[in-house]
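Here is the structure we will look at.
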Amino acid sequence: MEGIDKTNLPIHIAIIMDGNGRWAKTKGKLRVFGHQKGVKAVRNTVEGAAEIGIKYLTLYAFSTENWSRPAKEVTALMTLLVSSIHKETKTLMKNNIRLSAIGNIAKLPIKAQEKLKEAIEKTKDNSRMTLILALSYSSRWEILNAVKKIIKDGRKAEQINEDVFQQYLSTKSVPDPELLIRTSGEYRISNFLLWQIAYSELYFTNTLWPDFSKTELEKAILDYQSRERRFGKTTEQIQK
Ligand code: IPE
Ligand code: IPE
Ligand code: MG
């Protein structure tokens with residue numbers, strides 16, 4: 001953890017875990033093999049984040065758009081999700097980490113929903129860090145849902161402001177991420193947390209997700225700490 005300033009840590013880090021398929025391809029293996037290796041990178045990153053002192057870690061694991069992948073890959077991903085949640089609950093308990101999920105969870109296979117519910121219930125009193133899995137998630141889905149709920153609640157236009165709107169998102173009790181990481185050398189957001197990343201620092205790395213690790217996470221945090229977050233103000237105002 002050399003060089004990390006503990007007084008200037010992001011409270012919330014969000015990660016777009018990308019590149020499993022390409023990682024497998026370079027090894028001459030099937031895409032599924034990349035996803036399996038990706039689970040290990042998740043474990044390392046989650047443990048690393050908790051050790052560093054991050055309070056919220058959101059991982060983009062499966063997008064709404066990912067349902068359009070070949071059925072075989074979707075099934076493999078869902079099976080992997082079930083077995084990983086089951087196996088990793090121990091790691092979460094050991095590390096005092098609470099699990100939570102955002103997205104259209106009702107679309108997941110029943111087995112996955114059950115395992116998820118179990119793990120969330122089991123870890124609900126853990127307090128060191130909250131791990132949020134984005135599953136069957138897309139930001140436009142989330143924002144449209146918020147709008148629908150606002151209308152159903154009969155809210156008047158004058159009652160809506162940023163704080164109120166925020167309360168209708170699935171991240172309602174979570175601060176916006178200060179840092180968003182995307183692996184695999186792609187420079188896009190792919191429908192992830194569009195509202196919440198309005199002022200996030202973006203960090204892109206060519207590393208493919210299965211090769212991501214605690215060291216890579218530390219690199220991203222160091223980079224974050226070298227930035228000046230101005231929020232529209234001038235440098236002089238910030239340094240006062
Ligand atoms: C990320 O890796 C995992 C998911 C999106 C589920 P990919 O499967 O997107 O891997 P690439 O981008 O094709 O290499
Ligand atoms: C984004 O990765 C979604 C997840 C990491 C779960 P994709 O691989 O699906 O994104 P695109 O298709 O390259 O934008
Ligand atoms: Mg991808």
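Remember, it's 1-based here, ligands and their atoms both numbered in the order they're listed. Only heavy atoms go into these numbers, but all of them, side chains included; no hydrogens, no water, no symmetry mates. Predicted model, so just to flag it, every value in this text is computed and none were measured.
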Can you report which non-hydrogen protein atom sits closest to [atom], along with the distance?
atom	answer
atom 10 (O) of ligand 1	G21 N, 2.9 Å
atom 2 (O) of ligand 1	N20 N, 3.1 Å
atom 5 (C) of ligand 2	M17 O, 3.2 Å

**Report entry** Under-4.0 Å heavy-atom contact between protein and atom 12 (O) of ligand 2
**Finding:**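 Not a single protein heavy atom is under 4.0 Å away.
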
Query - Salt bridge present between R227 and D223 (N-O < 4.0 angstrom) - result: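 D223 and R227: salt-bridged.
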
Query - Test: K214 and E47 ion pair at under 4.0 Å - result: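 Salt bridge between K214 and E47, a charged N being under 4.0 Å from a carboxylate O: no.
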
**Report entry** Close side-chain approach of P210 and K40, heavy atoms under 4.5 Å
**Finding:**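 No, side chains not in contact.
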
**Report entry** Contact check, side chains of Y56 and T171, non-hydrogen atoms, under 4.5 Å
**Finding:**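 Y56 does not reach T171 side chain to side chain.
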
Query raised in the report: Is ligand 1 under 4.0 Å from a heavy atom in the side chain of N66, in the backbone, in both, or in neither?
Result: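 Side chain only.
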
**Report entry** Sub-3.5 Å N/O-N/O distance, S190 and ligand 2
**Finding:**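 Yes, there is a polar N/O contact under 3.5 Å.
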
Query raised in the report: If only atom types and distance count, is the side chain of N126 paired as donor or acceptor with the main-chain N or O of I97 below 3.5 Å?
Result: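 Yes; at least one donor-acceptor contact below 3.5 Å.
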
Report task. Would you confirm whether H12, through its side chain, and P175, through its main-chain N or O, come within 3.5 Å as a donor-acceptor pair? Result ->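 Looks like yes, one N/O pair under 3.5 Å.
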
Requested in this report: Report the distance from atom CG of L179 to atom CD1 of I13, rounding to the nearest 0.5 Å.
Outcome: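 If I round to the nearest 0.5 Å, the distance is 5.0 Å.
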
Run the numbers for me: atoms of ligand 1, each under 4.0 Å from some heavy atom of [X], listed by number.
X	value
A61	6 (C)
H35	3 (C), 8 (O)
D18	1 (C), 2 (O), 7 (P), 9 (O), 10 (O), 11 (P), 12 (O)

Query raised in the report: Touching ligand 1 at all, G19? Heavy atoms, strictly under 4.0 Å?
Result: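 A heavy atom of G19 does come that close to ligand 1.
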
Query raised in the report: Between Y137 and Y60, what is the ring plane arrangement, given parallel below 30°, perpendicular above 60°, and tilted in between?
Result: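 The rings of Y137 and Y60 stand perpendicular, inter-plane angle above 60°.
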
Query raised in the report: Is the shortest N/O to N/O distance between R22 and ligand 1 below 3.5 Å?
Result: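 Yes; the residue has a nitrogen or oxygen that sits under 3.5 Å from a nitrogen or oxygen of the ligand.
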
Report task. Please confirm if an N, O or S atom belonging to D18, backbone or side chain, lies less than 2.8 Å from the Mg ion (ligand 3). Result ->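 Yes - counting backbone and side chain alike, D18 has an N, O or S atom under 2.8 Å.
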
Query raised in the report: Which option out of R69, E186, E65, R188 puts a heavy atom nearest to atom 7 (P) of ligand 2?
Result: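 Result: the heavy atom closest to atom 7 (P) of ligand 2 is in R69.
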
Query raised in the report: Does ligand 2 have a heavy atom under 4.0 Å from the side chain of F62, from its backbone, from both, or from neither?
Result: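 For F62, the contact with ligand 2 is made by the backbone alone.
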
Query raised in the report: Centroid-to-centroid, Y224 to Y203, below 6.0 Å?
Result: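 Distance test on ring centres: not under 6.0 Å, no.
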
